[in-house]
There are 2 protein chains.
Amino acid sequence: MIDALPLTDKQRLTLDFIERYIARHTVAPKLQEIAEGIGIRSRGVAHRYVQALIEAGFISTDEGRHRGIKLLKPNPQRAESILPMLGRIAAGRPIEAIPGEDQIDLRDFFGHNNFAVRVQGDSMIEAGIMDGDTVIIEFRETADDGDIVVALIDETETTLKRFKRSHKGRYIKLIPANKEMKEMVYEADRVRIQGVLIGQLRKY
Amino acid sequence: MIDALPLTDKQRLTLDFIERYIARHTVAPKLQEIAEGIGIRSRGVAHRYVQALIEAGFISTDEGRHRGIKLLKPNPQRAESILPMLGRIAAGRPIEAIPGEDQIDLRDFFGHNNFAVRVQGDSMIEAGIMDGDTVIIEFRETADDGDIVVALIDETETTLKRFKRSHKGRYIKLIPANKEMKEMVYEADRVRIQGVLIGQLRKY
DNA sequence: ATTAATAGTTCTCAAAACGTTCTCACGATG
DNA sequence: CATCGTGAGAACGTTTTGAGAACTATTAAT
């Protein structure tokens with residue numbers, strides 16, 4: 001039974017909700033709260049999902065006890081790509097979550113066609129992209145005006161710039177975000193898009 | 001019969017879509033989603049492609065189960081928090097890894113005492129931290145000079161600034177990275193450190 | 001300890017969504 | 001013409017989801 005037995009959509013939603021609830025309140029939710037949290041009205045149905053999650057080995061319960069749900073395996077995928085998102089850091093209590101937006105999920109960064117590039121130079125500094133930063137690129141061959149792209153020029157030089165077509169697509173502008181640099185214009189066939197910027201990160 | 005029987009265009013498209021979907025969502029797509037993903041409207045047709053891929057040995061299904069598709073030869077499983085780190089994107093070959101430094105590992109961001117805060121305002125803009133960015137904070141009560149910290153002032157106001165002691169520790173300077181703002185000086189006991197900046201990220 | 005309120009559990013009935021199978025159809029190709 | 005790759009959509013059975021009643025157990029207050 002090493003199989004990661006698959007959860008249905010609602011079961012997964014239920015597990016998510018329970019994890020978030022416990023993270024925020026330190027106690028487990030009631031069935032009524034679970035029901036509302038996943039958008040249904042029946043405690044009975046919520047209970048069914050909880051049972052399925054026990055079956056699947058994700059949680060356990062003190063049978064009968066109120067708020068008796070316990071997490072068994074802190075979901076590995078979640079644990080590694082989700083951070084609690086906190087808003088204000090208020091006086092008495094150390095931290096306070098922003099209602100609604102309470103997690104940051106980095107799985108977007110790990111898509112199949114994504115890769116990371118270390119930035120060299122200051123050409124995009126006014127867009128907040130600094131020398132040494134890491135940018136996440138989705139591998140694509142097309143881009144929309146305004147996207148920040150990795151562009152290959154004359155099959156030799158690679159650069160990170162904002163993309164814009166001009167002259168009905170016959171020319172392509174590559175626009176730096178740095179007042180001290182000028183935008184460059186190339187014939188369209190000299191420029192090949194390698195990917196589009198979807199994220200950026202930095203370590204201190 | 002070890003023949004790698006050739007896939008038709010649409011079958012390959014279907015396989016691509018399934019792989020990408022699973023990579024991004026961790027669960028398999030529904031036939032309806034496959035249909036939309038490859039640009040058709042009929043679940044029946046999507047099902048036919050799925051059958052062909054089973055025949056060809058690329059995937060299998062839990063018959064009848066929703067989202068029951070499984071990849072058989074999965075791509076070398078990429079860890080959840082590691083991205084390939086690429087350097088130059090050279091001419092002939094589309095991409096080329098930097099030798100030595102070929103992965104970016106985000107597990108640093110997910111330590112136990114870390115949390116994320118969304119940045120409001122432009123006070124750190126010259127440090128490349130812009131309004132709307134997400135910063136990763138390690139929960140600590142002390143900081144070194146030069147660290148960027150989340151500071152609580154007079155138990156009421158929270159702010160992100162560069163930290164510096166002065167007057168032998170009796171005063172604390174909180175220094176914005178924005179020419180239009182002035183640094184602030186407080187008696188040490190009015191300022192409480194909530195955490196130290198260890199990372200920053202942004203989604204586009 | 002008794003009670004009232006609330007929570008967890010079990011059950012039946014039902015509908016919605018999904019996978020599966022099938023027929024019909026169209027255009028391209030040999 | 002026959003064949004292949006493609007697409008739409010109807011029809012059917014199964015899985016998944018939902019509501020709510022009825023019952024039992026826990027909890028907090030009297």
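Here is the naming used below: chain letters follow the sequence lines, and residue numbers restart at 1 for every chain.
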Just the rounded figure in Å: distance from [atom2] of [N] to [atom1] of [X].
X	N	atom1	atom2	result
B:Leu7	D:dT6	CG	P	10 Å
A:Glu36	C:dA7	CD	C1'	14 Å
A:His47	D:dT24	NE2	C1'	12 Å
B:Leu13	D:dG7	CG	C1'	14 Å
A:Ile18	C:dG8	CD1	P	11 Å
B:Gln11	D:dC4	CD	P	13 Å
B:Ile34	C:dT20	CD1	C1'	13 Å
B:Asp62	D:dT15	CG	C1'	12 Å

Q.
Quiz question: by atom type and distance under 3.5 Å, do the side chains of B:Lys10 and B:Thr8 form a donor-acceptor pair?
A. no
Which of the following nucleotides, [options], is nearest to the side chain of [X]?
X	options	result
B:Lys10	D:dG7, C:dT20, C:dT6	D:dG7
B:Arg41	C:dC18, D:dT27, D:dA8	D:dA8
A:Lys30	C:dC18, C:dG8, D:dG18	C:dG8
B:Ile40	D:dG18, C:dC18, D:dG7	D:dG7
B:Arg65	D:dG7, D:dG18, D:dT15	D:dT15

Q. In a check of side-chain contact (heavy atoms from CB on, under 4.5 Å) between B:Ile69 and each of B:Ile34, B:Val27, B:Leu53, which one passes?
A. B:Ile34
Q) Base, sugar-phosphate, or nothing for B:Ser42, non-hydrogen atoms under 4.0 angstrom? A) base
Q: Determine the contact category for B:Arg43: base if any of its heavy atoms lies under 4.0 Å from a base atom, sugar-phosphate if only primed atoms, P, OP1 or OP2 are that close, otherwise nothing.
A: base
Q. Nearest heavy-atom pair of A:Leu160 and A:Val150: which atoms, and what distance?
A. CD1-CG2, 3.8 Å
Q. Near B:Met181 CE, under 6.0 Å, is it more than 12 heavy atoms from other residues, nucleotides or ligands?
A. yes
Quick one: is [X] getting a side-chain N or O under 4.0 Å of the [N] phosphate, OP1 or OP2?
X	N	value
A:His66	D:dT26	no
B:Tyr49	D:dG5	no
A:Thr8	D:dT15	no

Q | Most 5' of A:Asp9 and A:Gln32 on DNA chain C, judged by nearest nucleotide | A | A:Gln32
Q) DNA chain C: A:Leu31 or B:Pro29, which has the more 5' nearest nucleotide? A) A:Leu31
Q. What string of B, S and - do you get for nucleotides 22-30 of chain C, 5' to 3', when a contact is any protein heavy atom under 4.0 Å?
A. ---------
Q | Ion pair B:Arg162/B:Asp147, N-O distance below 4.0 Å | A | no
**Q.** Pair A:Leu197-A:Ile136, side-chain contact (heavy atoms from CB on, under 4.5 Å): steps then yes or no
**A.** CA-CA 6 Å; A:Leu197 177 67; A:Ile136 314 296; 5.8 Å; no
Q. Is there a donor-acceptor contact under 3.5 Å from the side chain of A:Glu183 to the main chain of A:Pro176?
A. no
Q) Any idea how B:Tyr21 and B:Phe17 line up, ring-wise: parallel (<30°), tilted (30 to 60°), or perpendicular (>60°)? A) tilted
